[in-house]
Amino acid sequence: MPHDTPLISTIVGGLVLAFIFGALAHRLRMPPLIGYLIAGVLVGPHTPGYVADQSLAPELAEIGVILLMFGVGLHFSLKDLMSVRGIALPGAIAQIAFATLLGWGLGALMGWPTGGSLVFGLALSVASTVVLLKALQERRLVETERGRIAVGWLIVEDLAMVLALVLIPAAAGIGGEGHAPAEPLSAGLNRLFDLDLGIGGMIAMTLVKVALFVALMLVFGRKLIPWMMHRIAHTGSRELFRLGVLAIALGVAFGAAKLFGVSLALGAFFAGMVLAESELSHRAAQESLPLRDAFAVLFFVSVGMLFDPNILIDRPLPIIATIFIIVIGKSVAALLIVLAFKKPLATALTISASLGQIGEFSFILAALGVDLGLLPEEGRDLILAGAIISIILNPLLFFLCDRLRPLLEGARREESPAEPAVAAAAETVPTEDDDEVHPSGLHGHAIVVGYGRVGKIVGQNLKSAGTPFLVVEDSDKRVGELKAQGIEAFLGNAAATEMLDLANLPAARSIAIAIPNAFEACRIAEQARSANPSILIVARAHSDAEVEALKQYGADTVIMGEREIALGMVDRLAQVHHESVAYEDSAYEDSHGPDTIIATDDPPPERE
């Protein structure tokens, strides 16, 4: 075996350092993304010590981009977008235009060409999907109106950047800037018919090919891809299903780039969006998540490798101006735009704080601009520095918005005093500002954690028995269905302390932990026992070790699905053969008494 293994050393070095600094960032209550970027800086050529392979890192990063965009497509919801289209669509477009104008002005002041300045402005105009969604989830705002507007705003930004990724290469030759490759179709027409379509023709041909690709995906892909995934799911092989998800993401992206000349990111996005219409989309997202996370980490590490820390010393004023555009310019623009649409101040502040950072698309646009010769390397370094600093400042921005909200609301009330009767009514009647998720008012209730195949059976039994209960579930689709049925449900991970607080755990009588993840189940059981020592905790397991672990963490009863299946088969066999079939296992005598009603045919975690 050769000792020179640059691929392995690059992956190992990147992941190990990303883990160390990501954990440190999390410990300091900052997004782990900061740690990943710092890890990349440390293994980059601009810092002493180990230097990762500079040619392999971009290719690994490209896989990260593909999987990242595939994940964005999987969570793309046309329904959610349409519900807030009246503000998200014009608001996002106006904010992108304003931020791009500011970035273009800064680039022009530094003497950059027009194309590079516009790419710089576009890179500063789009927020990070990862950071924005994490901030909303931590503050339990995803389900609120302001959360839906922020997510819809983000979707419009993502779609605008996907279109920009297509148009920038085609327009790279405007004014003689850049060195974009010729568009193959227009170049072929030029050779055959001596017809020079110019830059307009290049853009038109690019849009035609994109339209053809989109049409094929929407007409044939939305039928073929879900059909393929359903056929694979029916094999019962989790390995094949996971492989099928990855093959679709990577295969469609690569085919779109080679056959239609569109970006890998666009192909992956449409693959995810088409698969999102399938009932298996949630499972596909779960199966691809580990690999998506791993390669996304490598993507951020590779981005950090490009950053030259010396720019912090050499160019402090441009960095300050870049941070001002990202954190102040974008946020103020979003605040004014939302207020112009007569939305509450709380909504405006939340959206402005959410958008006060940049991330994944900014990195992609920066790399594309440098590759095409449009953006100078200094611009890429400014974008990277702006991303790192703005993400660090984003929690502080939310904190400031929370502190400023009472002051601004007081000022607005003083400027437009209401009649006494109206003011009194406003104090007692909930307004549109009051859209936070409030803790449950149930007492003596049951809590069902997870509403999959197992949790659904538990919930149906509780509902039939007239037992008050609520559900904690991390699938927005299932939460929406539960609320439509009049069942109280909270969206989020029950392992988070705030989610159990929302479920009013101290007042509950029981909790059924119906999720298959034993690690999270142990954490939930521990928190439940700590918050309510008298609560009944029922959990599920797939192995002897999981049963023992759950009991150690406070579970009263642990049901192992395979055991319940075996007991049911034994009972049925005994009826046929008219004899008692022994099934001994004293270790679980207290785990399946006569009152046990929960049984599942779920396979173990590695095969579920």
Side-chain angles (χ1 to χ4, degrees), residues 11 15 63-64 66-75 221 223-254 268 271-298 449-458 473-478 493-495 513-524 539-547 549-550 558-566 568-569 598-608:
I11 293 177
L15 290 180
I63 298 178
I66 292 172
L67 296 177
L68 192 66
M69 289 304 301
F70 179 70
V72 173
L74 278 175
H75 292 93
K223 296 180 179 179
L224 180 61
I225 291 177
W227 176 82
M228 288 175 56
M229 297 311 302
H230 278 281
R231 296 291 296 178
I232 296 172
H234 288 160
T235 65
S237 172
R238 182 176 183 178
E239 179 181 352
L240 279 178
F241 185 85
R242 183 185 294 121
L243 185 60
V245 172
L246 296 176
I248 288 173
L250 298 174
V252 172
F254 187 76
M273 190 180 69
V274 168
L275 185 56
E277 299 185 9
S278 169
E279 296 177 355
L280 297 171
S281 61
H282 185 67
R283 183 179 172 188
Q286 288 181 327
E287 294 295 340
S288 62
L289 183 60
L291 201 59
R292 278 193 286 135
D293 286 345
F295 276 99
V297 168
L298 291 175
V449 177
Y451 209 71
R453 290 173 293 178
V454 177
K456 189 174 183 178
I457 295 174
V458 176
E473 168 62 47
D474 62 0
S475 168
D476 51 357
K477 181 179 179 181
R478 291 173 181 168
N493 189 332
I513 308 173
I515 58 175
N517 189 315
F519 178 79
E520 292 185 358
C522 288
R523 185 177 177 185
I524 295 169
R540 59 183 285 197
H542 291 289
S543 67
D544 297 351
E546 291 182 3
V547 171
L550 284 164
V558 182
I559 309 297
M560 192 164 81
E562 290 77 3
R563 182 167 305 282
E564 296 302 319
I565 293 173
M569 296 175 71
I598 305 176
T600 174
D601 57 355
D602 287 359
E606 65 271 14
R607 291 183 286 107
E608 188 175 31

Say you draw a straight line from [atom1] of [X] to [atom2] of [Y]; how long is it, rounded to the nearest 0.5 Å?
X	Y	atom1	atom2	result
F295	L67	CZ	CG	7.0 Å
H542	N517	NE2	CG	9.5 Å
M560	S543	CE	OG	7.5 Å
L246	F70	CG	CZ	8.0 Å
I232	L243	CD1	CG	8.0 Å
L275	M228	CG	CE	10.0 Å

So which atom in [X] and which in [Y] form the shortest heavy-atom distance, rounded to 0.1 Å?
X	Y	value
A249	I66	O-CG2, 3.9 Å
G221	V274	O-CG1, 3.2 Å
A294	L15	O-CD2, 4.0 Å
Y451	R478	O-CD, 3.7 Å
A253	A268	CB-N, 3.8 Å
A514	G450	CB-O, 3.8 Å

* To do: Show the numbers, then the answer: is there a side-chain contact (heavy atoms from CB on, under 4.5 Å) between I515 and I524?
  => CA-CA 10 Å; I515 58 175; I524 295 169; 3.8 Å; yes

* Side chains of V449 and E520: closer than 4.5 Å at any heavy-atom pair? ->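 A side-chain contact is absent here, since even the closest heavy-atom pair is not under 4.5 Å.
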
* To do: Assess whether side-chain contact (heavy atoms from CB on, under 4.5 Å) is satisfied between L550 and R540, documenting all intermediate values.
  => CA-CA 9 Å; L550 284 164; R540 59 183 285 197; over 6 Å; no

* Yes or no on side-chain contact (heavy atoms from CB on, under 4.5 Å) for R523 and F519, after CA distance, side-chain angles and deciding distance? -> CA-CA 7 Å; R523 185 177 177 185; F519 178 79; 5.6 Å; no

* Asked: Does any N or O in the side chain of E546 come within less than 3.5 Å of the main-chain N or O of A518, such that one atom is a donor and the other an acceptor?
  ->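 Answer holds: no.
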
